[in-house]
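Written below as structure tokens is the structure these notes are about.
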There are 2 protein chains.
Amino acid sequence: MRSIAGFYRTGTATQGGFGETLIDFNAGNAFNCLTTRTKRGDASVAGSCFADVLSEHIALTENECSALERLEERNRTLRRGSVLRRSNDAADELFMLRAGTMMTYVLLDDGSRQILRFHFPGDMLGLSTLLYEEAPETICALTECTVCPFEKSSLSELIVEHPRLASMILVYGQIERVALTDRLAALGRTSAKARVGSLLLELRNRLRATDKRVSDSFTLGLTQEEIGDATGLTAVHVNRMLRQLEEERLIAREGGRVTIVDEAALMRATNYVDRYCDLDLGWLPQGR
Amino acid sequence: MRSIAGFYRTGTATQGGFGETLIDFNAGNAFNCLTTRTKRGDASVAGSCFADVLSEHIALTENECSALERLEERNRTLRRGSVLRRSNDAADELFMLRAGTMMTYVLLDDGSRQILRFHFPGDMLGLSTLLYEEAPETICALTECTVCPFEKSSLSELIVEHPRLASMILVYGQIERVALTDRLAALGRTSAKARVGSLLLELRNRLRATDKRVSDSFTLGLTQEEIGDATGLTAVHVNRMLRQLEEERLIAREGGRVTIVDEAALMRATNYVDRYCDLDLGWLPQGR
DNA sequence: CGGATACTTGACAGGACTCAATACAAGTGG
DNA sequence: CCACTTGTATTGAGTCCTGTCAAGTATCCG
């Protein structure tokens, strides 16, 4: 029984590849990272990756760009598997993800994990910690990452000075919200196969947004246990679903790479919708 | 099999109590509602229920209050069961819920329904339609309701003129987002009993926020089918879970009323967290 | 009172979980 | 270079939670 009071999972394999950082709440993960200051004029590090994302939709003013750059002045690198902020940690900072992929998850008190969201460059992390003194979620690096921490007060200033950027932050919050409702519907009302399939589609699309070279084939970068924790399944069952998708020629696998073979069929089978598409931003206020 | 292509549910009982408004896509639901203009000086209708909600956390300025009132100038009443906006409708307006309870849901193409969220007075509805030309979700009245429609452009002006209100809209969006992640974790990683229990707790808490007289006992106002569509279960299994909760003396039922008998135990059993509590709003900009 | 909707209960089936064993890959240390 | 360890993937067998189907009861309302 997946008991509420008991332990849903036990043993060492439970916590996946990041055992020590997930389990050991005393581990000083702050020491897994380096904080540096972006050198002015260093083109490869300067600029703002959030600005890059926004530029896909609107033409930013110079003032807006420099305001966004100010949010990303500090840089911190994270090793694969290290935890940026743990659930119930004091939540004083927000982050902009500059490079790498991350995830947020919660651990329930029976030890099971639900992965809530995967993050890609240009994502703002920890917006929810604006509201709560303690972080509701754990944020963790799936690959080597660079993040830019900034203060709540900086965001507050940005909202006052730049209503259009405030609106875009609202917009990205809503995209996330709608993407979450899609996943809610998937967990509540679709089969295991459809859940796994739609996760693959989402990962492909989000990777492609970062790296235009990604087409149908991409390196997953997730263990089957992680896929399971994102889709509400067990690793064993994820394995079987991947096999089925492969047998039905919807996807192909080799090594760590997944290829989406029949995208149309996969989308039909999963109800997947790309929520980053077709935004209507005509109502935005003027940029300053 | 809960087939992707097939029909998960068939028959007349499928669509719940609101059959005609859910099924008949040609029904002119616009005619189910009356739009009126709030009379100036009519204290019972004037004011802003969103302002009331915000006042619990911050002291609004006069300018802020009147700006919020402007969003709620128009009133529209909805009959129980009528649809305010259907998924894929053109999404031109937003709404403030003034009175009654509503829900948003999506229908998957196998006919199954996932209820995403329940709404109570003071909630802003349809924020997601800011972004998309077509509404991603259906919004439907669970009881007789009053909503106030307003334009995207009005929201845009509000963001420019009132940074603190913009921040609060962002905050409420984030509360919803976190509440959704809680439900995601519930669907992905908790038992049917825990899901039903946490839904009861959430409904109680949200009802209590509107009506202080609500304590442990409240009228549910949902069918078991609706509870199922919110928790990812079937109506039959919801029934069994309610019975079990009752047998374990966590809740009691009579007529349409539910009483939370052992709140502490129920909270332990469900991991429920009230996300409307303990907000940290010290970072907010000054009100204008 | 009749019809519709909602609730309840039982029997059964099946999808997903659990447990367990094996295979495979990568890294470590001697 | 090879044992050894650790983490991940794969596969099979058995169990159980939840869905399906069906029938009966309760409730509401015109």
Side-chain angles (χ1 to χ4, degrees), chain A residues 1-4 6-23 80-81 110-112 187-196 219-229 231-244 246-247 253-258, chain B residues 1-4 6-22 80-81 110-112 187-196 219-229 231-247 253-258:
Chain A
M1 174 192 177
R2 202 197 276 163
S3 154
I4 297 166
F7 277 81
Y8 171 41
R9 297 166 175 187
T10 51
T12 53
T14 297
Q15 302 290 356
F18 309 146
E20 83 283 7
T21 49
L22 286 182
I23 292 173
R80 164 171 166 80
D110 64 353
S112 63
L187 290 206
R189 290 295 184 216
T190 73
S191 67
K193 204 198 296 179
R195 288 184 235 172
V196 173
T219 45
L220 198 39
L222 296 178
T223 66
Q224 294 179 353
E225 174 135 28
E226 285 160 349
I227 298 175
D229 285 342
T231 52
L233 302 168
T234 57
V236 173
H237 206 59
V238 167
N239 185 292
R240 289 194 257 256
M241 294 303 103
L242 287 171
R243 163 157 309 285
Q244 279 194 32
E246 199 173 16
E247 281 168 1
R253 293 183 298 162
E254 51 173 337
R257 288 188 76 78
V258 172
Chain B
M1 175 194 178
R2 200 195 279 165
S3 156
I4 296 165
F7 277 81
Y8 171 40
R9 295 167 178 187
T10 51
T12 54
T14 297
Q15 302 291 355
F18 310 147
E20 83 282 9
T21 49
L22 285 181
R80 163 172 167 80
D110 65 352
S112 62
L187 290 206
R189 290 295 185 216
T190 73
S191 68
K193 203 197 299 181
R195 288 184 234 170
V196 172
T219 46
L220 197 37
L222 296 177
T223 66
Q224 293 179 355
E225 174 135 28
E226 285 160 349
I227 297 175
D229 285 342
T231 52
L233 302 168
T234 57
V236 174
H237 206 59
V238 167
N239 185 292
R240 289 193 263 254
M241 294 303 104
L242 287 171
R243 164 157 308 286
Q244 278 193 34
L245 290 170
E246 200 174 14
E247 279 168 3
R253 292 183 296 161
E254 50 172 340
R257 290 188 74 79
V258 172

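Order of the sequence lines sets the chain letters (A, B, ...), proteins ahead of strands, with each chain counted from 1. What you see is a predicted model, and the numbers here were worked out from it, not measured in a lab.
Side-chain atoms of A:Ser191 lie closest to C:dA16 of the nucleotides D:dC21, C:dA16, D:dT18. Distance from the side chain of B:Thr223 is smallest to C:dC7 among D:dT8, C:dC7, D:dG19. Proximity note for B:Val236 (side chain, C-beta onward) versus C:dA20, C:dA16, D:dT20: the nearest is D:dT20.
What separates CZ of A:Arg189 from C1' of C:dG15 is a distance of 15 Å, to the nearest Å. The distance between atom CZ of A:Arg240 and atom P of C:dG14, rounded to the nearest whole Å, is 17 Å. The CG atom of A:Leu187 sits 19 Å away from the P atom of C:dG15 (whole-angstrom rounding). Protein atom CG of A:Leu233 is 14 Å distant from nucleotide atom P of C:dG15, rounded to whole Å. Between the CD atom of A:Gln224 and the P atom of D:dA9 there is a distance of 4 Å, given to the nearest Å. A:Met241 has its CE atom 13 Å from the P atom of D:dT10, to the nearest Å. B:Arg257 places its CZ atom 16 Å from the P atom of C:dC7, with the value rounded to the nearest Å. Here C:dA6 presents its C1' atom at 11 Å from CZ of B:Arg80, a figure rounded to the nearest Å.
Using a 4.5 Å heavy-atom threshold, the side chains of A:Asp229 and B:Arg189 count as touching.
For A:Arg253, a side-chain nitrogen or oxygen approaches OP1 or OP2 of D:dT10 to under 4.0 Å. Between D:dA9 and A:Asn239, no contact under 4.0 Å exists linking OP1 or OP2 to a side-chain N or O. Considering only side-chain N and O atoms, A:Thr234 lies nowhere under 4.0 angstrom from the phosphate OP1 or OP2 of C:dA16.
In B:Glu247, the CD atom is crowded: over 12 heavy atoms of neighbouring residues, nucleotides or ligands sit closer than 6.0 Å.
The distance from atom CD of A:Glu226 to atom CG of A:Leu220, rounded to the nearest 0.5 Å, is 9.0 Å. Put simply, NZ on A:Lys193 and NE2 on A:His237 are 10.0 Å apart, with the number rounded to the nearest 0.5 Å. To the nearest 0.5 angstrom, A:Asn239 atom CG is 12.5 Å from A:Glu225 atom CD.
Backbone-only engagement by A:Arg243 is indicated by non-hydrogen atom pairs under 4.0 Å involving sugar-phosphate atoms exclusively.
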